[in-house]
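One structure is given here, and the rest of the page talks about it.
Note that the coordinates shown come from a computational prediction; the quantities given were computed from them, not determined experimentally. We use all heavy atoms of the structure for the numbers below, so side chains are in, but hydrogens, waters and symmetry mates are not.
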Amino acid sequence: MYILGIESSCDETAASIIKVRRQPGGKLGKLEVLSNIISSQIEIHKKYGGVVPEVAAREHVLNVLPVINEALGKAGIKPSQLSAIGITKGPGLITSLITGLETARSLAYAWKKPLVEVNHIAGHIYANFIGRKEPILFPAVILTVSGGHTTLLLMDKSQKIRILGETRDDAAGEAYDKAAKMMDLGYPGGPIVAEYANKYQKNPGDKKIILPRPMLNSLDLDFSFSGLKTALLYMLKQDKGWKKRIPQYCHEYQQAILDILIAKTVKAARKYGAKTVMVTGGVSANNELRRQMEQDVMKNLPGVFLLIPERQYTTDNAAMVAAAAVYLFDKGKTTDFRKLQVDSGLQLR
Ligand code: KG4
Ligand code: ZN
């Protein structure tokens with residue numbers, strides 16, 4: 001079957017076609033991405049230092065049909081060949097979500113195709129299912145780290161999801177973005193802070209910069225990043241020469257975030273006897289997170305598989321939406337086009 005995925009929850013308008021065959025035993029085979037088109041608005045929002053919702057929605061209106069057309073064209077698929085359309089229902093910016101969802105509604109009506117509502121965060125999780133030949137072993141502990149979410153989840157073999165812990169304030173991606181804003185480095189902050197951190201080379205004469213690791217040793221599986229952000233702000237205020245030390249500040253700030261993310265993920269995996277650890281979401285594009293998580297899982301969780309999506313499927317994209325839609329569609333979870341509705345605060349259940 002062929003599934004079209006559409007994503008427009010924030011500042012990326014995206015469409016993708018996924019092909020999947022049923023195996024002889026009836027199970028679904030490997031998910032193959034035939035096209036993955038993303039029109040990013042980063043350049044537009046850069047000058048405001050963040051996403052401006054009304055501007056984003058207008059851009060989605062302009063881009064959504066061309067992006068869908070391109071996804072179909074690149075995959076060499078006609079609308080009549082589609083089995084279903086997967087669409088992001090939420091969470092996200094309401095006006096951005098509406099643009100994608102109303103487009104999906106119209107296309108489903110015109111093409112007479114079933115609709116599958118996808119939770120954006122579930123989409124990030126299913127990015128890990130793309131292209132995998134081997135079955136995924138459950139239970140899986142999943143760290144979802146994006147601009148809006150930092151959550152630890154448990155997935156069982158029926159793919160039911162349970163929340164184990166989440167951030168009490170800022171998300172990890174947001175912490176990166178806010179630090180970049182504080183140091184006037186640009187938007188989005190994640191890749192920029194990561195690049196500066198990478199440039200840092202330790203010298204014996206360096207100023208001592210040590211930031212806190214909030215909730216690192218707390219008994220629960222929750223996170224908190226706002227104290228870290230405030231600690232950085234005060235440190236910068238007290239250091240007249242901070243501009244010379246941007247790589248060092250970025251390095252320490254990033255390491256504080258990574259130490260917390262990795263320690264809590266390993267703790268959750270141990271507690272719940274995970275056979276697989278997954279990391280998903282925009283921050284999972286981060287090289288150091290990928291490298292250090294791999295090292296830690298190998299050392300502390302022998303025999304446990306670590307899955308992190310290919311980089312192109314870490315930040316917002318529609319292949320992940322199509323991937324989630326494949327499994328939901330297979331379970332018969334479709335929505336009548338008349339009943340389709342966005343939910344900007346949609347929770348994972
Ligand atoms: O998943 P995503 O594209 O959108 C949301 O659903 O939020 O995640 C975007 C977030 C931003 O906060 C961005 O700064 C962060 O992911 N990000 C990174 C990297 N690339 C994107 N953070 C750290 N390192 C990166 N390389
Ligand atoms: Zn996202």
Side-chain angles (χ1 to χ4, degrees), residues 1-20 31 33-41 51 53-75 77-127 148 316-349:
M1 63 178 159
Y2 298 102
I3 304 274
L4 164 66
I6 303 171
E7 154 66 35
S8 72
S9 66
C10 190
D11 58 345
E12 261 93 29
T13 324
S16 166
I17 307 283
I18 280 194
K19 176 182 170 183
V20 59
L31 305 191
V33 177
L34 300 186
S35 60
N36 181 34
I37 311 298
I38 305 173
S39 166
S40 171
Q41 304 172 9
V51 179
E54 288 314 312
V55 177
R58 251 177 281 152
E59 285 299 311
H60 286 307
V61 172
L62 296 175
N63 294 331
V64 69
L65 283 175
V67 162
I68 292 169
N69 258 330
E70 200 180 333
L72 285 164
K74 188 150 183 235
I77 294 295
K78 290 196 279 296
S80 60
Q81 290 173 271
L82 292 173
S83 301
I85 301 172
I87 175 68
T88 305
K89 176 183 177 71
L93 302 171
I94 188 146
T95 45
S96 289
L97 288 164
I98 286 173
T99 314
L101 187 120
E102 292 306 332
T103 308
R105 192 202 307 279
S106 311
L107 294 178
Y109 174 68
W111 295 343
K112 299 188 174 51
K113 297 293 172 188
L115 280 163
V116 181
E117 294 179 319
V118 175
N119 180 309
H120 180 82
I121 301 303
H124 276 300
I125 294 169
Y126 281 92
D316 288 351
N317 65 86
M320 67 186 205
V321 176
V326 164
Y327 293 96
L328 292 166
F329 181 60
D330 192 49
K331 288 185 181 142
K333 295 196 175 163
T334 58
T335 302
D336 186 292
F337 76 91
R338 281 163 290 226
K339 295 198 176 137
L340 196 69
Q341 235 180 2
V342 297
D343 181 353
S344 64
L346 185 65
Q347 300 286 321
L348 269 179
R349 262 169 295 169

Would you say that Val116 contacts Lys333 through its side chain, given a criterion of any heavy-atom pair below 4.5 Å between the two side chains? no
Quick one: closest heavy-atom pair of Trp111 and Leu4, and the distance? CZ3-CD2, 4.1 Å
Between atom CG of Asp11 and atom CD1 of Ile38, what is the distance when rounded to the nearest 0.5 Å? 11.0 Å
Is Thr13 close to Glu59 at the side-chain level, that is, under 4.5 Å between some pair of heavy atoms? no
Kindly say whether Pro91 contributes a backbone atom to a donor-acceptor pair with the side chain of Asn119 at under 3.5 angstrom? no
Ala104 and Leu115 have their tightest heavy-atom pair at O-CD2, 3.7 Å
Is a side-chain donor or acceptor of Lys89 paired with a backbone partner of Gln341 at a separation under 3.5 angstrom? yes
On a heavy-atom basis, which atom in Ala14 and which in Val67 lie closest, and how many Å separate them? C-CG1, 3.7 Å
If you round to the nearest 0.5 Å, how far is OG1 of Thr334 from CG of Leu340? 11.0 Å
Quiz: residues 95-103 side-chain donor-acceptor pairs under 3.5 angstrom, not counting sequence neighbours:
residue : atom : partner : partner atom : Å
Ser96   : OG   : Cys10   : O            : 3.4
Ser96   : OG   : His60   : NE2          : 3.4
Thr99   : OG1  : Thr95   : O            : 3.0
Glu102  : OE1  : Arg105  : NE           : 2.8
Glu102  : OE1  : Arg105  : NH2          : 3.4
Glu102  : OE2  : Arg105  : NH2          : 2.9
Thr103  : OG1  : Thr99   : O            : 2.6

Okay, side chain of Lys113, backbone of Ser80: is any donor-acceptor separation there less than 3.5 Å? yes
Between the CD1 atom in Ile17 and the CG atom in Leu82, the distance rounded to the nearest 0.5 Å is 5.0 Å
Spatial distance of atom CD1 (Ile37) from atom CD (Glu12) [nearest 0.5 Å]: 13.5 Å
Using side-chain heavy atoms (C-beta onward) and a distance below 4.5 Å, is Val326 in contact with Met1? yes
Do the side chains of Ser16 and Val33 get nearer than 4.5 Å, heavy atoms only? yes
All heavy atoms of Asn36 vs all of Asn317, minimum pair found to be OD1-CB, 3.9 Å
With no hydrogens and no angle check, just 3.5 Å: does a side-chain donor-acceptor pair link Ser39 and Gln41? no
Within a reach of under 6.0 Å around NZ of Lys331, are more than 12 heavy atoms found that belong to other residues, nucleotides or ligands? yes
When rounded to the nearest 0.5 angstrom, what distance separates OG in Ser40 from CG in Asp316? 9.5 Å
Test item: Tyr126 and Val118 side chains (from C-beta on) under 4.5 Å apart, heavy atoms: no
What distance separates Met320 CE from Thr88 OG1, expressed to the nearest 0.5 Å? 6.0 Å
Are Leu31 and Tyr327 packed together at the side-chain level, in the sense that at least one heavy-atom pair is separated by less than 4.5 angstrom? yes
